[in-house]
**Student:** 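Starting off with a structure, shown below.
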Amino acid sequence: MFERFSDSARRVIVVAQEEARHLHHNHIGTEHVLLGLLAQDHDRDHDVAVAVLQSVGVELAAVRQVVVEIVGQGKQAPTGHIPFTPNAKRVLELSLREALDLEHEDIDTEHLLLGLLDVSDSVAGEALSHLGVDAAEVRERVRGAAPPGRGPSRLHVKPEYAERLARIESLLVEILDRLQAIEHRLDDGESGSSDFPAAGR
């Protein structure tokens, strides 16, 4: 799945892992993906997800504080492979569907944000609700600010293949977990971060 991610979207996943380690969490959840969207070092003026979140008053420090209030903070940083929670895996799957729906060739940060909004029963959803964010409004703003699609593309899928795509997406997530575990073993002894980290709730 990551081969379809833009550089910015990949960076979100990397930073999500860093946020999980920083909070001493042994999983990467939806809350870490949300923090990853806000915390990565990028051109914020041209990042749809960050621009929309900031337009409704969502800031990194506030989200991090709410996440700690909801989940708490662990006692020590995790070591080894950090798995994605089921909800975070779902966000990754839904980001692909959002890209398909918008007829975009790459999965970018706006698709990750739309995926987060789709999984409302999650820590990220609870955090955004706590901050007074209207998910429907954010969705509308994201879709309005997203660049126009290019028409049917290499990601275009006919309706009759939608069920097959869903099965493939599920298999991709399983493969992703296995690859991450293998990469961690290969990188064991290095800094602790990897180009392809694991994921959370």
Side-chain angles (χ1 to χ4, degrees), residues 1-2 4-23 25 27-71 82 84-85 87-99 101-102 104 106-147 173 176 193-201:
M1 183 181 292
F2 276 150
R4 299 192 187 278
F5 276 39
S6 69
D7 288 344
S8 292
R10 288 175 185 236
R11 181 61 184 161
V12 168
I13 303 304
V14 172
V15 176
Q17 178 180 253
E18 294 171 354
E19 287 290 326
R21 291 189 185 280
H22 175 73
L23 292 172
H25 291 166
H27 65 273
I28 300 175
T30 57
E31 66 272 27
H32 305 111
V33 176
L34 178 58
L35 289 169
L37 282 169
L38 291 164
Q40 66 166 328
D41 183 17
H42 51 203
D43 185 350
R44 292 169 179 266
D45 292 335
H46 296 91
D47 188 292
V48 172
V50 173
V52 170
L53 287 171
Q54 290 184 336
S55 74
V56 295
V58 177
E59 298 289 344
L60 174 61
V63 172
R64 190 177 282 140
Q65 179 179 341
V66 172
V67 167
V68 171
E69 290 174 2
I70 296 172
V71 184
I82 307 178
F84 287 102
T85 63
N87 272 343
K89 291 179 183 178
R90 186 64 179 151
V91 167
L92 298 182
E93 293 175 19
L94 290 170
S95 68
L96 173 58
R97 295 193 181 189
E98 293 290 350
D101 189 52
L102 290 169
H104 290 164
D106 296 317
I107 298 170
D108 211 338
T109 59
E110 62 265 30
H111 308 118
L112 287 173
L113 177 53
L114 289 170
L116 281 170
L117 296 172
D118 289 338
V119 186
S120 57
D121 184 18
S122 64
V123 175
E126 187 177 346
L128 290 173
S129 177
H130 183 87
L131 292 171
V133 173
D134 183 329
E137 178 188 356
V138 172
R139 167 172 284 281
E140 184 177 349
R141 291 194 185 200
V142 170
R143 294 183 73 87
V173 171
L176 174 63
S193 339
S194 66
D195 291 335
F196 279 111
R201 173 183 150 196

**Student:** Look at atom CD of E137 and say whether more than 12 heavy atoms of other residues, nucleotides or ligands are closer to it than 6.0 Å.
**Tutor:**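 It does: E137 CD has more than 12 such atoms within range.
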
**Student:** Strictly by ring-ring contact (aromatic ring centres under 6.0 Å, His included), give each pair with a member in residues 120-145 just once, sequence neighbours left out.
**Tutor:**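 Output for this query is empty, none listed.
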
**Student:** Considering the options L114, L116, L113, which one meets the side chain to side chain contact (heavy atoms under 4.5 Å, CB included) requirement together with V138?
**Tutor:**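 The passing option is L113.
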
**Student:** Of R97, R90, R139, which meets side-chain hydrogen bond (donor to acceptor under 3.5 Å, both in side chains) against D118?
**Tutor:**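 Among R97, R90, R139, the one that satisfies the side-chain hydrogen bond (donor to acceptor under 3.5 Å, both in side chains) with D118 is R139.
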
**Student:** If you look at every heavy atom in V52 and A145, which pair is closest and at what distance?
**Tutor:**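 Residues V52 and A145, closest heavy atoms: CG2-CB, 4.5 Å.
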
**Student:** Could you go step by step and tell me if Q54 and E59 meet the side-chain contact (heavy atoms from CB on, under 4.5 Å) rule?
**Tutor:** CA-CA 6 Å; Q54 290 184 336; E59 298 289 344; 3.9 Å; yes

**Student:** Measure the CG-CZ distance between L96 and R4 for me, rounded to the nearest 0.5 Å.
**Tutor:**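 Taking CG in L96 and CZ in R4, the distance rounds to 6.5 Å.
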
**Student:** Measuring from atom CG of N87 to atom NE2 of H27, what distance do you get when rounded to the nearest 0.5 angstrom?
**Tutor:**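 The CG atom of N87 sits 10.5 Å away from the NE2 atom of H27.
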
**Student:** Of V67, V68, I70, which is the lone residue that meets side chain to side chain contact (heavy atoms under 4.5 Å, CB included) with E31?
**Tutor:**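 Only one of V67, V68, I70 forms a side chain to side chain contact (heavy atoms under 4.5 Å, CB included) with E31, namely V67.
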
**Student:** Give, for atom CZ of R10 and atom CD1 of I107, the distance between the pair rounded to the nearest 0.5 Å.
**Tutor:**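 That separation rounds to 10.0 Å.
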
**Student:** How long is the straight-line distance from CG of L112 back to CZ of F5, given to the nearest 0.5 Å?
**Tutor:**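 Atom-to-atom, F5:CZ and L112:CG are 5.0 Å apart.
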
**Student:** With V133, which of L128, L53, L117 fulfils side chain to side chain contact (heavy atoms under 4.5 Å, CB included)?
**Tutor:**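 The residue from L128, L53, L117 that satisfies side chain to side chain contact (heavy atoms under 4.5 Å, CB included) with V133 turns out to be L128.
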
**Student:** Salt-bridge test for R143 and E98: reply yes if a basic N is under 4.0 Å from a carboxylate O, no otherwise.
**Tutor:**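 Salt bridge present between R143 and E98.
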
**Student:** Judged by modelled atom types alone, do D47 and T109 share a side-chain donor-acceptor pair under 3.5 Å?
**Tutor:**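 Yes, because at least one side-chain N or O of D47 sits under 3.5 Å from a partner of the opposite role on T109.
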
**Student:** Roughly how far apart are L92 CG and H111 NE2, rounded to 0.5 Å?
**Tutor:**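 These two atoms lie 14.0 Å from each other.
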
**Student:** Could you grab the distance from atom OG of S6 to atom CG of D108, nearest 0.5 Å is fine?
**Tutor:**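 So the OG of S6 and the CG of D108 are separated by 3.5 Å.
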
**Student:** Is it the case that the side chain of H104 and the backbone of P147 share a donor-acceptor pair, with hydrogens and angles ignored and the cut-off at 3.5 Å?
**Tutor:**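 Yes, H104 side chain to P147 backbone: donor-acceptor pair under 3.5 Å.
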
**Student:** Please walk me through it: do L35 and R64 pass side-chain contact (heavy atoms from CB on, under 4.5 Å)?
**Tutor:** CA-CA 7 Å; L35 289 169; R64 190 177 282 140; 4.0 Å; yes

**Student:** Okay, side chain of T30, backbone of A124: is any donor-acceptor separation there less than 3.5 Å?
**Tutor:**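 Checking the backbone N and O of A124 against the side chain of T30, a donor-acceptor pair under 3.5 Å is found.
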
**Student:** Applying side-chain contact (heavy atoms from CB on, under 4.5 Å), run through E19 and H25 and close with a yes or a no.
**Tutor:** CA-CA 9 Å; E19 287 290 326; H25 291 166; over 6 Å; no

